[in-house]
Amino acid sequence: AIEASPEAARLARKAVSQATDVPAGVVEVIEGFSTAATLPEKADLAVAEIVGSIASEEGLHATIRDAQARLLKRPFEESSWIPC
């Protein structure tokens, strides 16, 4: 998981560590912007938080294209994305 907000990243780490249905080491929370992150391996899934009424308001198009190019194993499969 990649989270830009330090507080949200801290809470995510806490939630992952307390989850009883997530084996240790399956989810790693990386703090920072996804466009600057380097993952140890490509991810199976991206959860994209879309803020604003249109994707271009927050530069989402460039962020998604970057994730497709660098961060996902199967970037063009619908099952690789969860928009929220």
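Just so it is clear, the structure is predicted and the values come from calculations on it, not from any experiment.
Leu72 and Val29 are assigned to two separate hydrophobic clusters, defined by single-linkage of ILVMFWY side chains at heavy-atom distances under 4.5 Å.
Checked by atom type and distance alone, the side chain of Glu77 never pairs as donor or acceptor with a backbone atom of Ser79 at under 3.5 Å. With hydrogens and angles disregarded, no donor-acceptor distance shorter than 3.5 Å links the side chain of Arg70 to the backbone of Arg65. Looking at Trp81, its side chain does come within 3.5 Å of a backbone N or O of Pro75 through a donor-acceptor pair.
Within 6.0 Å of CD in Gln18 there are more than 12 heavy atoms belonging to other residues, nucleotides or ligands.
Partners of Arg10 under the salt bridge (charged side-chain N to carboxylate O under 4.0 Å, His left out) rule, at least two apart in sequence or in another chain, are Glu7. A search for side chain to side chain contact (heavy atoms under 4.5 Å, CB included) contacts involving Glu28 returns Ile30, Pro40, not counting sequence neighbours.
To the nearest 0.5 Å, atoms CD1 (Ile82) and CG (Leu45) are separated by 4.5 Å. For the atom pair OG of Ser80 and CZ of Arg74, the computed distance is 4.5 Å after rounding to the nearest 0.5 Å.
Here side chain to side chain donor-acceptor pair (under 3.5 Å) pairs that include residues 32-45, with residues two or more places apart or in two chains, are Asp44-Lys73.
Scanning both residues, Ile2 and Ala37, for their nearest heavy atoms gives CD1-CB, 3.8 Å. Ala9 and Glu3 make their closest contact through N-CG, 3.5 Å (heavy atoms, listed as atom of the first residue, atom of the second, distance).
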